[in-house]
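In what follows, chains are A, B, ... by sequence order, proteins preceding strands, each numbered from 1.
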Number of protein chains: 2
Amino acid sequence: MTNQTTTRDPEQTRLRIMEAGAELFVEHGFSSVTMSQLAKSAGVTKSLIHHHFGSKERLWEAVKERAFERYFSTQMAMLEEAGEPDAALLGASVEAYFRFLQANPEVVRLFAWTHLEGDTSCGELDAQLVGAGAEWVRQAQQRGLLRDDVNPTHVIATFVMTCTQWFEAKCHHQHWPGMGSDDAFLEDFLRIFLEGLLPRR
Amino acid sequence: MTNQTTTRDPEQTRLRIMEAGAELFVEHGFSSVTMSQLAKSAGVTKSLIHHHFGSKERLWEAVKERAFERYFSTQMAMLEEAGEPDAALLGASVEAYFRFLQANPEVVRLFAWTHLEGDTSCGELDAQLVGAGAEWVRQAQQRGLLRDDVNPTHVIATFVMTCTQWFEAKCHHQHWPGMGSDDAFLEDFLRIFLEGLLPRR
DNA sequence: GTATTAACTGGCCGGCCGGTCAATAATCGC
DNA sequence: GCGATTATTGACCGGCCGGCCAGTTAATAC
């Protein structure tokens, strides 16, 4: 058999606890989740969670840190495989980000919780990512492919925030009159956003 | 004196409890706030809160409902005093909404909590507001003042979501390299948004 | 092999949680 | 005025909270 019944694997255990934490915390928020729930969900005792992480708070921090790092490396990989900057590729990047959030709703919720907590650590890793994205926009501006009278960082921020809020506030606007599907909204947003960024004559 | 020491005013008491609830819940979230904190902050006993609202959950619902109604009436008033639709007035509306959120950060946090709870009630009142806004955009489209190949509801949603997320995720993006002030961002967003909405030639 | 360390368990703790209840005091209908 | 109603209090409840601790078992170092 692959797993002996009484074999210990502390790495695996830590991972199981973090995965349980990720699921419960992201779904219900830090303070709604109890150590008993975490223990039950991870299949370990409360004491073992304390042994590995010290406290509920430190487990939450470990969960967030792991999630941010995974997010960061995924996004960095997406950014690196993007080619030379131009308007079409900007559109493709927006769509890629939108699809990423669509496929990973837990990322959106994680951000929302950390924003409400006022936690700045989510933005620190992101700074590199945004720096690279803004540089990418700046090059396109210099080549005359995008209008150059807007701050490149604001260009990145605009589409990142729109995509994030679209999924974060789904329950808010999903029944608004005339509201379309994910795809329909993305299409309209891209129309406005990309044409708004064309060089001024 | 304006207030007798031992005079009862149940309306005023309900209000004090709701205001304490609004402040604490919006700041820390429903499950982090305890009845004892609420009671202390409102200057009443826990039992009195139960007497007036029945339970912690129902107090939270009352707080949200009151806040949504105030939000709705404020926004409706803003919408009604807006004049005939055109691109400049759309810009003014975006700015008005942005300034409203800037001046009322508790509204932003309230929306964020309700979104995480999956509460749809915030969107129901809004539906009217958005319906009116979308109609306003539609008229501008018919007059050839705005491009007509985008869904009017998506136009409203785009700027509402951008403004909301700007303030909601402030702690996330405030230290991004090159990120400007509230005003600088708003200016750039308006450039992109309004030019992206001009009629296609 | 054996001593040391680390993983892991179960039971327990003080404290606070949301909520209840009986008693009291102010207000209101008449 | 006076009885019914309702606002308000403080004492109290069972239960669960996060965390601790003593003890046991597995892995590791030598």
| task | Determine yes or no for a side-chain-to-main-chain donor-acceptor pair under 3.5 angstrom, with H154(B) supplying the side chain and G180(A) the backbone. | result | yes
| Within the distance-only criterion (no hydrogens, no angle test), does the side chain of S73(B) pair as donor or acceptor with the backbone N or O of R70(B) below 3.5 angstrom? | yes
In whole angstrom, what separates [X]'s [atom1] from [N]'s [atom2]?
X: F53(B); N: dA7(D); atom1: CZ; atom2: P; answer: 11 Å
X: I17(A); N: dA7(C); atom1: CD1; atom2: P; answer: 11 Å
X: R16(A); N: dC8(C); atom1: CZ; atom2: P; answer: 8 Å
X: H50(A); N: dA22(D); atom1: NE2; atom2: P; answer: 16 Å
X: M35(A); N: dC17(D); atom1: CE; atom2: P; answer: 11 Å

Out of [options], which nucleotide sits closest to the side chain of [X]?
X: E57(B); options: dA7(C), dT9(D), dG19(C); answer: dG19(C)
X: L48(B); options: dT20(C), dT8(D), dC8(C); answer: dT8(D)
X: P10(B); options: dA7(D), dG18(D), dT9(D); answer: dA7(D)

| said: Go nucleotide by nucleotide along DNA chain D from the 5' end; which of D9(B) and K46(B) gets its closest nucleotide reached first? | reply: D9(B)
Phosphate OP1/OP2 of [N]: any [X] side-chain N/O under 4.0 Å:
X: S47(B); N: dA11(D); answer: no
X: H51(B); N: dA7(D); answer: yes
X: T13(B); N: dA7(D); answer: no
X: T45(A); N: dC8(C); answer: no
X: S36(A); N: dC16(D); answer: no

| No-H, no-angle donor-acceptor pair, K56(B) side chain to dG19(C) base, under 3.5 Å | no
| Got a donor-acceptor pair under 3.5 Å from the side chain of R8(B) to the base of dT8(D)? | no
| CD-CZ distance between E195(A) and R147(B), expressed to the nearest 0.5 angstrom | 4.5 Å
| task | Consider only side-chain N and O atoms of D119(A) and W113(A), and report whether a donor and an acceptor are under 3.5 Å apart. | result | no
| request: Could you tell me whether D183(B) and R99(B) make a salt bridge, using a distance below 4.0 angstrom between a side-chain N and a carboxylate O? | output: yes
